[in-house]
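Quick caveat, the model's predicted, so the values are computed rather than measured. Numbered from 1 within each chain, the chains take letters A, B, ... in sequence-line order.
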Amino acid sequence: MLLRMSTLFVRTLRDDPADAELAGHKALVRAGYIRRAGSGLYSWLPLGHLVYRNVEAIIREEMDAMGAQQVHFPALLPKGPYEASGRWEEYGDTLFRLQDRRGEDHLLAPTHEEMFTLLVKDLYSSYKDLPLSIYQIQIKYRDEARPRAGLLRAREFAMKDSYSFDVDDAGLEASYQRHRDAYIATFQRLGLDFVIVSAMSGAMGGSGSEEFLCPTPSGEDTFVRSPGGYAANVEAVRTPAPDPLPYDDVPAAHVEDTPGTPTIDTLVDFANRQLPRDDRPWSAADTLKNLIVMLVHPDGTREPLVVGVPGDRDVDEKRLAAQVEPARVEPFTDTDFDAYPVLARGYVGPQVLGADTDSGIRYLVDPRVAEGTRWVTGANQPDKHVFDLVCGRDFQPDGTIEAAEVRDGDPAPDGSGPLEIARGIEIGHIFQLGRKYAEALGLKVLDEHGKLVTVTMGSYGIGVSRAVAAIAETTVDELGLSWPRHVAPADVHLVVAGRDESIVSAGDTLAADLDRAGLSVLIDDRDERPGVKFADAELLGMPTIVVVGKKLTDGVIEVRDRASGDRDEIAYEAAVEELVRRCRG
RNA sequence: CGGGGUGUGGCGCAGCUUGGUUAGCGCACCUGCUUUGGGAGCAGGGGGCCGCCGGUUCGAAUCCGGCCACCCCGACCA
């Protein structure tokens with residue numbers, strides 16, 4: 001392929017667009033790859049579309065290689081299937097809804113689980129037909145509450161979504177594993193750095209759901225990783241539980257007057273003034289903070305829950321929510337306090353908590369609250385706290401819960417070192433769906449005993465347009481874009497630096513020769529000054545920049561590597577062979 | 001949905017406080033001359049419902065009211 005700057009539909013901008021924040025997003029607009037068409041809506045210009053197609057092709061090749069087959073569904077769908085699965089209601093405002101001229105409800109699909117499930121149901125009815133993996137690359141729509149970061153969170157975006165269908169759990173596990181391997185190969189070819197993190201909560205466990213995150217400070221997903229290679233979603237981080245401590249020497253628990261200390265700060269402050277320790281000052285870490293929430297279960301029943309965490313840590317609402325799923329967490333209201341007089345607001349202590357106590361209120365603690373640990377905590381009456389309260393001796397929690405915030409420097413659960421909190425872009429998600437959709441939509445097959453069994457499914461997604469943005473974001477530098485070889489719009493950006501007939505014709509000839517040799521070439525044949533062409537070449541980001549200019553009189557042209565900045569000279573006569581070697585070798 | 005901000009030519013912005021010539025600057029675009037290895041210079045030129053609607057006024061980009069759009073932070077989320 002041979003592209004000419006003189007006729008290419010592109011206009012580079014000197015200034016950053018005012019509505020972009022991320023470096024990659026700015027560069028994509030400035031280099032003329034994309035244009036904003038509306039909030040969360042982007043148009044692709046020729047160069048951007050070339051990158052998009054390259055990314056798409058790599059994803060397709062890897063999916064085909066693992067045996068998945070491509071299909072294509074409409075983006076515009078009738079309401080029916082989504083009503084059957086319950087998602088017409090569940091999806092809420094994020095679903096783009098519209099009506100046709102007869103007033104029938106339709107939607108712009110945010111994902112296609114229902115359609116895949118129904119299509120398989122239409123055609124297959126035997127275990128002999130399975131396993132099956134099918135996929136599509138399709139435009140998806142989500143009416144995001146707040147589109148942002150350019151292509152990263154758009155309202156219209158391209159996604160590869162695939163689904164596996166198996167008769168049993170072992171089959172699902174195998175299909176999942178093959179997708180996992182295919183994703184690893186795909187992201188490696190795309191030139192995207194990634195980590196795989198468990199996306200399920202600790203309570204659910206297992207390898208049921210993993211996310212592929214591309215680490216970058218501009219990512220919007222938070223995860224943790226350790227020097228030893230541990231990586232996990234914040235929701236999934238498990239806290240190593242300390243060994244039980246001996247407590248024979250710990251004095252008996254004693255209640256102290258602590259007037260006006262309803263918060264950890266006021267308590268620590270008071271203790272240090274009125275009840276100082278001999279060895280060191282009291283700190284928040286000596287206290288046990290008990291947070292009361294109201295759980296609302298799917299059947300509507302409400303259950304109070306008290307979560308105990310070391311006083312120097314807050315409860316992470318997202319971690320808590322992940323742990324109690326499918327129940328919902330609601331704040332504990334004044335009315336609730338009235339209904340449970342045993343709970344003294346601001347002075348709640350574990351002595352009256354637990355399923356086996358009179359209150360019957362479930363009490364779960366952070367794993368750091370291990371047997372033998374001693375605490376300062378509420379005495380269940382206003383203005384009083386209890387000291388030297390020992391876990392396992394003076395109170396018995398109903399279990400542990402991963403709800404405390406995770407901090408930089410916390411130990412990794414597998415002993416691989418301190419955790420670092422990092423950000424990443426979610427570029428892929430693989431998920432053992434199970435039988436949710438198959439059950440809702442009645443996808444069953446006959447097994448080898450002639451019995452009807454519900455099919456188990458996996459769902460696997462890669463954001464195609466998001467991958468383009470992630471590549472741009474992680475490879476951009478102060479000069480502009482810098483594409484990995486396999487996704488670049490062209491292999492070589494050939495700068496014709498000079499107006500002499502000899503230079504111009506040498507450039508033209510070289511471009512044609514490279515094209516014939518199988519390289520894709522973008523030649524800058526415009527009547528522009530060299531400085532403009534150099535700057536544009538760097539902004540546009542082809543991996544190899546070739547300069548045909550004044551050194552041609554010595555029979556030499558210049559070759560630059562965009563990513564490293566390395567430049568050297570090669571003989572014009574040997575240029576085709578040498579460049580093919582560099583670009584393809 | 002809460003908080004903050006911005007709408008002026010294709011892009012980036014000034015002008016608005018204190019209403020008053022023909023709405024201005026840089027980039028980009030067109031013409032001519034010079035220039036040609038790091039975003040050239042000079043001269044000339046084209047392109048604007050100043051987000052929309054209404055109000056105040058002799059007069060509104062500017063003041064007032066309403067609406068809309070977009071961006072950022074948060075909540076939410078592939």
Side-chain angles (χ1 to χ4, degrees), chain A residues 9-22 25-26 29-32 35-41 45 90-95 109-113 138-162 199 209-214 218-222 235 317-318 321 424-431 459-467 469-470 479-480 495-500 503-504 524 526-540 545 547-553 556-558 560 565 567 569:
Chain A
F9 183 52
V10 70
R11 185 111 304 158
T12 59
L13 306 177
R14 230 189 261 211
D15 297 315
D16 281 335
D19 59 5
E21 287 294 306
L22 303 185
H25 182 200
K26 288 179 186 168
V29 175
R30 217 153 72 71
R35 302 287 288 182
R36 196 178 69 81
S39 181
L41 303 171
L45 279 56
E90 272 174 31
Y91 228 98
D93 291 338
T94 307
L95 194 62
T111 62
H112 282 78
E113 278 83 356
Q138 175 61 295
I139 304 298
K140 311 283 186 179
Y141 295 88
R142 293 188 192 172
D143 193 358
E144 290 289 344
R146 191 184 148 213
R148 70 184 86 173
L151 258 18
L152 284 182
R153 164 145 317 242
R155 295 198 294 173
E156 180 192 275
F157 58 97
M159 181 166 144
K160 188 286 301 178
D161 54 329
S162 43
S209 171
E210 288 170 299
E211 288 176 2
F212 287 71
L213 297 180
C214 174
S218 33
E220 53 181 357
D221 277 18
T222 305
E235 282 84 347
E317 286 174 33
K318 284 186 178 175
I425 299 168
E426 183 183 345
I427 47 177
H429 194 165
I430 53 179
F431 185 25
S459 88
Y460 317 90
I462 294 180
V464 183
S465 43
R466 175 179 280 190
L479 297 173
V495 173
V496 180
R499 312 174 68 211
D500 291 355
I503 291 176
V504 170
D524 195 342
R526 295 175 299 175
D527 184 18
E528 283 288 353
R529 302 164 63 86
V532 172
K533 294 188 177 185
F534 292 142
D536 274 345
E538 282 142 1
L539 175 63
L540 294 181
I545 298 170
V547 183
V548 176
K550 60 188 181 188
K551 289 171 191 153
L552 192 64
T553 49
V556 162
I557 62 174
E558 190 177 321
R560 305 179 182 181
R567 39 180 89 178
E569 291 170 2

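Remark: RNA chain B takes part in the stems B:1-7 with B:68-74, B:10-13 with B:24-27, B:29-34 with B:40-45, B:51-55 with B:63-67, each of 3 or more antiparallel Watson-Crick or G-U pairs, criterion distances under 3.5 Å.
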Could you write out each protein N or O paired with an N or O of nucleotides 69-73 of chain B at a distance under 3.5 Å?
{"from": "B/C70", "atom 1": "O3'", "to": "A/R36", "atom 2": "NH1", "distance (Å)": "3.4"}
{"from": "B/C71", "atom 1": "OP2", "to": "A/S39", "atom 2": "OG", "distance (Å)": "2.9"}
{"from": "B/C73", "atom 1": "OP2", "to": "A/R146", "atom 2": "NH2", "distance (Å)": "2.2"}

Listing time: all N or O pairs from protein to nucleotides 25-35 of chain B that are below 3.5 Å?
{"from": "B/G26", "atom 1": "N2", "to": "A/D15", "atom 2": "OD2", "distance (Å)": "3.3"}
{"from": "B/C27", "atom 1": "O3'", "to": "A/R14", "atom 2": "NH2", "distance (Å)": "3.3"}
{"from": "B/A28", "atom 1": "OP1", "to": "A/R14", "atom 2": "NH2", "distance (Å)": "3.1"}
{"from": "B/U35", "atom 1": "O2", "to": "A/R529", "atom 2": "NH1", "distance (Å)": "2.5"}

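For the C1' atom pair drawn from B/G39 and B/G24, the interatomic distance equals 24 Å after rounding to whole Å.
A search for side-chain hydrogen bond (donor to acceptor under 3.5 Å, both in side chains) contacts involving A/D16 returns A/R30, not counting sequence neighbours. By the salt bridge (Lys or Arg N to Asp or Glu O under 4.0 Å) test, A/R36 is found to be paired with A/D19, residues two or more places apart in sequence or in another chain being considered. For A/E569, the side-chain hydrogen bond (donor to acceptor under 3.5 Å, both in side chains) partners at least two apart in sequence or on another chain are A/K551. Scanning for salt bridge (Lys or Arg N to Asp or Glu O under 4.0 Å) contacts around A/D93 gives an empty result, with sequence neighbours left out. With sequence neighbours excluded, no residue forms a side-chain hydrogen bond (donor to acceptor under 3.5 Å, both in side chains) with A/R148. Judged as a salt bridge (Lys or Arg N to Asp or Glu O under 4.0 Å), and not counting sequence neighbours, the contacts of A/E538 are A/R560. Applying the ring-ring contact (aromatic ring centres under 6.0 Å, His included) criterion to A/F212, with sequence neighbours excluded, gives A/Y183, A/F187, A/F194. With sequence neighbours excluded, the residues forming a side-chain hydrogen bond (donor to acceptor under 3.5 Å, both in side chains) with A/E426 are A/H429, listed by chain and number.
Contact of A/R526 with B/G39 (side chain to base): no donor-acceptor pair of N or O atoms is detected under 3.5 Å. With hydrogens and angles ignored, a donor-acceptor pair closer than 3.5 Å exists between the side chain of A/D536 and the base of B/G39.
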If the sugar-phosphate is the primed atoms plus P, OP1 and OP2 and the base is the rest, what is the B/S/- string for nucleotides 41-46 of chain B, using protein heavy atoms under 4.0 Å? ------
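Each of B/A78, B/G39, B/G38 was ranked by its minimum atom distance to the side chain of A/V532; first place goes to B/G39.
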